[in-house]
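This report concerns only the one structure given below.
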Amino acid sequence: MAQRLATNYAKAYFTMNEEELDRFVALFANEHISVDVKVCDNGDRDVLLTDQNGEIQLTFHRTGNRYSCESSYLIRDMQLANAMRKAMKTFRGHGIVHRIYDGFTIVYHYDEGSVVSIQEVSGDEEVSIFENTNGNVARELESLFRQMGSEQEIESIRQETDRWLDLRNWAKRTAPEKVNAIDLRLAALSRRLFQLEA
């Protein structure tokens, strides 16, 4: 299973009212992320998220009773990356998110908190993994996200992937002609896992 090196929010946009902003801050605190809020003289809010790799500052500009934040940032801490993914979903964010792995990147496009497309980028090659061609797919992904069954499916896919990787190692030594078929199964499992983790 590929190890994620970092998550790059190349573009992230949130808009919310004050109550939602308080819940946004609470989400990170509940995920045991160090969070601090500074209120500026003009009513803007700086939300500072700190992990072992440093600090991310999100500035929410106040316009009337709404706050908006447009920024980009790199996250190396998995706990913070998972909390930010939840925030993107919960607070209906828009963005382009790059999950960076050794040798390839998975690019997620979010609209109103829903994943609308996923691509795998490796070198100059870009492969579409998922594209929302109608509203039903977004609702299906929303439903999957809300169900605990998706967490169980993720765990099941990880276990199955481990078994296929063991089989691949064995096949490389004893049955090299089976490696291509095993790689196809691993690729399918990987695509499904990326969809579920979105």
Side-chain angles (χ1 to χ4, degrees), residues 4-100 105-118 130 132 135-155 193-198:
R4 191 185 322 171
L5 304 176
T7 305
N8 179 28
Y9 280 76
K11 184 178 181 183
Y13 177 76
F14 294 98
T15 180
M16 57 191 74
N17 62 32
E18 189 164 359
E19 179 191 338
E20 291 168 328
L21 183 53
D22 291 341
R23 288 193 293 121
F24 180 87
V25 170
L27 181 148
F28 290 95
N30 292 339
E31 294 289 326
H32 309 291
I33 305 296
S34 174
V35 60
D36 189 28
V37 179
K38 294 179 181 176
V39 180
C40 303
D41 291 339
N42 61 1
D44 291 354
R45 306 266 174 101
D46 288 336
V47 177
L48 306 170
L49 305 171
T50 306
D51 66 17
Q52 57 197 352
N53 295 300
E55 182 178 270
I56 295 170
Q57 178 176 322
L58 304 176
T59 300
F60 285 83
H61 298 284
R62 183 177 183 174
T63 306
N65 63 352
R66 302 287 298 172
Y67 293 87
S68 62
C69 173
E70 185 170 355
S71 59
S72 60
Y73 37 88
L74 183 70
I75 300 174
R76 295 192 183 279
D77 181 81
M78 278 301 274
Q79 187 175 2
L80 178 54
N82 286 332
M84 190 60 75
R85 177 181 52 82
K86 289 179 186 177
M88 182 65 75
K89 181 74 177 165
T90 303
F91 297 98
R92 303 178 68 82
H94 299 264
I96 300 172
V97 180
H98 299 187
R99 291 186 183 170
I100 302 166
T105 299
I106 304 296
V107 181
Y108 293 79
H109 293 260
Y110 284 87
D111 185 28
E112 290 288 319
S114 295
V115 175
V116 293
S117 69
I118 305 172
F130 165 79
N132 179 4
N136 289 338
V137 176
R139 283 192 288 279
E140 287 172 23
L141 282 174
E142 172 97 16
S143 174
L144 278 174
F145 180 79
R146 295 186 184 280
Q147 294 175 8
M148 282 303 293
S150 62
E151 296 298 325
Q152 293 168 345
E153 186 175 352
I154 287 170
E155 184 56 35
L193 188 60
F194 286 128
Q195 289 173 353
L196 287 169
E197 288 183 334

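Taking 4.5 Å as the limit, every side-chain heavy atom of Glu20 sits out of range of all side-chain heavy atoms of Arg92. Inter-residue side-chain proximity for Thr105 and Asn8 is flagged as unmet; no heavy-atom pair is nearer than 4.5 Å. Contact check for Arg45 versus Lys38: no side-chain heavy atoms found under the 4.5 Å cut-off. Between Leu58 and Phe24 the shortest side-chain heavy-atom distance falls below 4.5 Å. Proximity of Asp22 to Glu19: side-chain heavy atoms (C-beta onward) are nowhere separated by under 4.5 Å. No side-chain heavy atom of Met84 sits under 4.5 Å from any side-chain heavy atom of Thr7. Taking 4.5 Å as the limit, every side-chain heavy atom of Ile33 sits out of range of all side-chain heavy atoms of Asp51. Looking only at side-chain heavy atoms (C-beta outward), Arg85 and Tyr110 come within less than 4.5 Å of each other.
Side-chain atoms of Glu31 do not come within 3.5 Å of backbone N or O of Gln79 as any donor-acceptor pair. Between the Arg62 side chain and the Gly64 main chain, a donor and an acceptor come within less than 3.5 Å of each other.
Side-chain contact annotation: Gln52 with Asp77, donor-acceptor N/O pair under 3.5 Å present. Between the side chains of Glu70 and Ser68, no donor N or O sits under 3.5 Å from an acceptor N or O.
Dense packing is recorded around CZ of Arg4, with more than 12 heavy atoms of other residues, nucleotides or ligands lying under 6.0 Å away.
Contacts of Asp44 classified as side chain to side chain donor-acceptor pair (under 3.5 Å), with partners at least two apart in sequence or in another chain: Asn42, His61. Listed by chain and number, the residues in a side chain to side chain contact (heavy atoms under 4.5 Å, CB included) with Leu5 are Asp102 (sequence neighbours excluded). When the side chain to side chain donor-acceptor pair (under 3.5 Å) test is applied to His98, no partner is found at least two apart in sequence or on another chain.
Heavy atoms only, all atoms of each residue included: Tyr9 and Ala81 are closest at OH-O, 4.2 Å. Minimum interatomic distance between Leu27 and Ala83 (heavy atoms only, all atoms of both residues): CD2-O, 3.5 Å. The shortest non-hydrogen separation linking Val115 to Phe130 is O-CE2, 3.5 Å. The two atoms that bring Ala6 and Arg76 nearest to each other are CB-NH1, 3.9 Å, heavy atoms only. Contact record, Leu21 with Val47: CD1-CG2, 4.4 Å, taken as the closest heavy-atom pair. Here the closest non-hydrogen pair linking Gly43 and Tyr67 is O-CE2, 3.4 Å.
Separation of atoms CD1 (Ile106) and CZ (Arg99) is listed at 9.0 Å; rounding is to 0.5 Å. Here CD1 of Ile100 is found 5.5 Å from CG of Leu74. Values are rounded to the nearest 0.5 Å. Rounded to the nearest 0.5 Å, atoms OG (Ser114) and CE (Met88) are 11.5 Å apart. Residue Glu55 holds its CD atom at 4.5 Å from OG1 of Thr50, rounded to the nearest 0.5 Å. Taken from OH in Tyr108 to OG in Ser117, the straight-line distance is 11.0 Å, to the nearest 0.5 Å.
Between Phe14 and Phe91, the distance separating the two ring centers is not shorter than 6.0 angstrom.
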- Would you check, one step at a time, whether the test side chain to side chain contact (heavy atoms under 4.5 Å, CB included) holds for Ile75 with Leu49? CA-CA 10 Å; Ile75 300 174; Leu49 305 171; over 6 Å; no
- Verdict with reasoning, Thr59 to Ser71, per side chain to side chain contact (heavy atoms under 4.5 Å, CB included): CA-CA 8 Å; Thr59 300; Ser71 59; over 6 Å; no
